[in-house]
Amino acid sequence: MSAPLEGIRLIEASDSDAPLHIRLAISMAGKIACELGADVTVIEPHGGDPIRKLPPFVQEAGRRSALFEFLNAGKRIIRASRLQGCDDPAVADAVLVDESIRLSNRVSAVVVSTFGPHQPTLKGPASELTIMAMTGVLHLIGKQAGEPFRLPGHQPAYAAGLTAFLAMTAGLLASTVRIADVCILDALLWVNWKIIAESSLKASASDKATREWQAVRASDGHVALVYMDSDWPAIVDLVGDARLRQPRFATRQTRLENLDALMEILRPWFAARRKADIYREAQLRKIPLGPVWSMSDLLHDAQYLERDFLAILPFGAMPRLPVMWNGQRLRAAGKFSSELEA
Amino acid sequence: MSEFDLPLQGIRVLDLGIVTAGAATSALLADLGADVIKIEAPNYIDPFRIWADLAKKDDWWNSSPYFNFTNRNKRSLCLNMKKEAGRSIFLRLVAISDVLVENFRRGVMDRLGLGIDVLHNANPRLIVAAISSQGDTGPERDVSSFGSTLEATSGMACLTGSADGPPVLTGRDLNYPDQVVALFAAGTIIAALFSRKKSNSGVLLDISQRELASFLLGERFLSGDSASTREGNSDCCTGLQIVGRAAEGTWIAATAVANAEQMDGERSLRHVFESPTQEALAQLETKGFAQSIVLDGRAIREAPWFSRSNAFAAAPEGQITKGFPFQFRQTPMRIARRAPKLGQDTALILSELLNLNESDLMSLSDAGVIGDKPSGTYSV
């Protein structure tokens with residue numbers, strides 16, 4: 001089986017001044033294409049890609065950036081003093097660039113920016129955190145504990161990276177050259193669309209409704225207590241406490257009104273049990289709760305092992321592309337080839 | 001295809017996607033020009049039609065904003081595939097389609113007699129995107145979960161929240177893994193369409209939402225970070241970063257960016273956050289911080305930039321709906337039709353594509369194979 005994007009030449013280019021989130025988004029889009037078999041060349045700015053110096057680092061001698069290696073494994077990396085003109089059909093079928101790169105419009109291009117050319121009034125610096133604030137992501141996650149919390153890692157940039165990958169494949173399939181604008185703000189707002197859909201309902205969700213699903217302490221960690229209204233009888237059966245049959249817990253509405261009292265009853269039951277045991281008992285009743293696994297737990301996860309999802313390297317694990325193509329993983333990830341080529 | 005066509009013009013998609021993951025994947029394909037036929041049955045409608053606590057009105061199943069935001073630009077076919085006649089019509093549609101998207105629980109397609117062998121027998125060029133919580137194989141393929149369950153089991157939740165507090169979930173209103181999988185799945189389906197031009201053969205794409213959530217934390221796996229400590233709102237890749245509360249109680253997010261005034265920690269910002277909101281924002285700007293108020297849904301709608309965002313759009317009848325995560329400069333994507341009412345295009349689709357005539361449609365309707373209302377019992 002040949003890889004789906006085999007033969008496609010893709011170039012990534014971004015100016016050394018491009019903000020981190022734009023660089024990460026471009027890199028993520030190129031990474032997915034690379035795993036699908038595209039021939040990806042990164043034009044690294046002079047002075048080197050700043051991501052090379054960023055944490056987290058691989059646990060080995062030297063400070064090799066795991067962030068850089070994860071995003072660039074398998075790509076060809078060159079340094080060039082001039083980034084303009086990279087969209088030359090002689091060398092590329094598509095390009096992923098930041099907005100500072102001047103395009104000749106001869107090959108399909110995906111231009112990644114923070115706010116997009118359609119937002120002339122939005123200027124000034126931004127970060128992944130401030131974009132999470134603007135798009136309501138912080139507001140939603142915050143409601144659970146009072147203080148707003150961000151998504152971990154680089155989710156705004158990576159969500160934009162998935163978007164840039166989609167725009168890039170659509171451009172490849174089109175019969176003529178397409179220029180697509182991907183901006184981090186729109187990509188993350190699209191992801192958080194329910195915050196706007198909610199506001200068109202007459203009663204918006206209460207703060208308690210967003211606390212309905214929460215992590216509860218088990219004897220050896222936490223379990224995410226996630227359930228729909230229809231799962232309630234199964235929860236009552238799982239916990240087996242007669243107080244859960246009281247009328248004040250009979251409907252979703254009354255459970256939300258009495259959420260603190262409800263959690264008082266549920267907490268001791270969870271605290272006395274191991275998360276794996278809770279998971280097993282819940283699954284027997286089809287309750288969609290799940291244990292909070294750490295990265296190291298997942299290295300031994302039966303599901304991930306069976307599906308060969310993580311390539312285990314001497315110092316860590318490289319997640320493979322999250323798709324099986326006719327039952328097969330596409331290509332072996334995990335080979336570092338991010339050293340500079342001439 | 002002309003230069004004015006969208007890239008997926010001429011591609012037909014059978015959409016068995018429900019709630020977000022599957023239905024939003026097909027919606028992206030529709031936005032890109034595909035003819036997307038959303039298929040529900042009288043006795044099994046998309047749960048998003050029920051998700052909202054809607055008043056009991058005559059056609060409550062056509063009123064859910066969650067459904068309507070997600071399914072615009074599609075046509076609706078209401079077909080009972082549990083009946084032999086319905087299954088046979090479905091397979092005739094498979095034979096003339098390019099893509100099938102489904103995100104049922106594992107095993108449902110097999111129980112309908114529509115396993116991958118049956119589908120590829122009907123159309124060897126069909127691209128089947130099977131989107132599921134855990135993937136199509138493995139010991140946990142059948143477990144029940146929602147997006148926030150997968151945040152827990154993918155490693156995401158254990159990194160969310162403050163170091164001394166519990167892990168935090170994005171919850172029912174975001175269900176983050178359900179949203180991002182649509183972007184990934186749509187891109188992957190188009191890569192498969194591209195590849196099919198050469199191979200001329202179909203494929204089964206087995207996409208795991210839980211794996212995607214872990215993939216989006218790839219660097220944390222690669223670094224061998226076994227501690228998995230929660231970082232609160234700080235970010236090891238940036239300078240000082242904080243979400244603080246201004247005098248009126250407004251939360252403000254701030255990140256020190258290039259050339260920011262040197263700060264020796266959160267303590268040095270304390271006085272900034274004791275100021276009123278506008279003053280705090282101005283002070284942060286002067287000190288070289290990127291900053292924004294933490295907006296809620298209403299504040300986003302009122303923001304001056306909101307009407308220019310591509311992420312939301314107006315449907316033909318004017319109501320706000322989900323827009324696009326990106327946009328093309330030439331031939332932009334647009335909302336050509338609002339979300340369909342259940343079964344509104346059944347007759348047109350079956351006559352246009354399968355040449356069924358009025359009396360065929362009448363007998364299918366009498367036999368309960370097609371319809372335009374839910375026939376089951378649904379709690380509203």
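Proteins get letters first, then strands, A, B, ... in listed order; numbering begins at 1 in each.
- Formation of a donor-acceptor pair under 3.5 Å by the B:E211 side chain with backbone atoms of A:L321 is not found in this model.
- Within the 4.5 angstrom heavy-atom criterion, only backbone atoms of B:A254 (N, CA, C, O) approach chain A.
- Side-chain atoms of B:R220 and A:P152, non-hydrogen and from C-beta on, never get closer than 4.5 Å to each other.
- For chain B, no part of A:F115 is nearby; none of its heavy atoms comes within less than 4.5 Å.
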- Any chance you could lay out the side chain to side chain contact (heavy atoms under 4.5 Å, CB included) test for B:L217 and A:M295, step after step, and finish with the verdict? CA-CA 9 Å; B:L217 295 165; A:M295 275 45 200; 3.8 Å; yes

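- Between the side chain of A:R150 and the backbone N or O of B:S234, at least one donor-acceptor pair lies under 3.5 Å.
- Side chains of A:V111 and B:R329 form a contact here, defined as non-hydrogen atoms less than 4.5 Å apart.
- Within the 4.5 angstrom heavy-atom criterion, only side-chain atoms of B:L28, from C-beta onward, approach chain A.
- Here A:L173 contributes atom CG and B:L6 contributes atom CG; the two are 11.5 Å apart, rounded to the nearest 0.5 Å.
- Heavy atoms of A:L289 lying under 4.5 Å from chain B belong exclusively to its backbone.
- Proximity to chain A involves both the backbone and the side chain of B:L216, based on heavy atoms less than 4.5 angstrom apart.
- Proximity to chain A is limited to the side chain of B:E231, based on heavy atoms less than 4.5 angstrom apart.
- Interface remark: of the candidates B:Q241, B:R298, B:Q291, B:Q241 forms the most heavy-atom pairs closer than 4.5 Å to chain A.
- Side-chain contact check for B:L174 versus A:V191: some heavy-atom pair is nearer than 4.5 Å.
- For A:L305, no part lies near chain B; criterion is any non-hydrogen pair under 4.5 Å.
- Across A:W190 and B:Q179, no two heavy atoms sit closer than the pair CZ3-O, 3.9 Å.
- Contact record, B:R172 with A:E212: CD-OE1, 4.0 Å, taken as the closest heavy-atom pair.
- With a 4.5 angstrom heavy-atom cutoff, B:F312 touches chain A only via side-chain atoms.
- The shortest distance between side-chain heavy atoms of B:D235 and A:H154 falls below 4.5 Å.
- The line from CG of A:N326 to OG of B:S201 is 7.5 Å long, rounded to the nearest 0.5 Å.
- Looking only at side-chain heavy atoms (C-beta outward), B:D136 and A:M324 stay at 4.5 Å or farther from each other.
- Between B:F215 and A:F70, a ring centre-to-centre spacing shorter than 6.0 Å is recorded.
- The neighbour count for B:Q319 CD, taken as heavy atoms of other residues, nucleotides or ligands under 6.0 Å away, is above 12.
- Donor-acceptor pairing under 3.5 Å is lacking for the side chains of A:Y279 and B:T153.
- Distance alone, capped at 3.5 Å, is enough to place a donor-acceptor pair between the A:D186 side chain and the B:N310 backbone.
- No donor-acceptor pair closer than 3.5 Å links the side chain of A:E198 to the backbone N or O of B:D173.
- Summarising the geometry, atom CE belonging to A:M28 is positioned 9.5 Å from atom CZ belonging to B:F184; distances are rounded to the nearest 0.5 Å.
- Taking 4.5 Å as the limit, every side-chain heavy atom of B:W251 sits out of range of all side-chain heavy atoms of A:H139.
- To the nearest 0.5 Å, the span separating CE on A:M132 from CG on B:N233 amounts to 7.5 Å.
- Only the side chain of B:T20 has a heavy atom closer than 4.5 Å to any heavy atom of chain A.
- Contact tally against chain A (heavy-atom pairs below 4.5 Å) for B:I207, B:T160, B:T137: the top residue is B:T137.
- For chain A, no part of B:I11 is nearby; none of its heavy atoms comes within less than 4.5 Å.
- Looking at A:L122, the atoms closer than 4.5 Å to chain B (heavy atoms on both sides) all sit in the side chain, from C-beta outward.
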- Message: Let's go through B:R210 and A:D301 carefully: what are the C-alpha distance in whole Å and the side-chain angles of both, what is the deciding distance for salt bridge (Lys or Arg N to Asp or Glu O under 4.0 Å) to 0.1 Å, and is it a yes or a no?
- Response: CA-CA 12 Å; B:R210 180 180 168 202; A:D301 182 82; 2.9 Å; yes

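- Closest of all the heavy-atom pairs between B:V243 and A:L138 is CG2-CD1, 4.2 Å.
- Side-chain contact between A:S127 and B:T238 is absent, with no heavy-atom pair separated by less than 4.5 Å.
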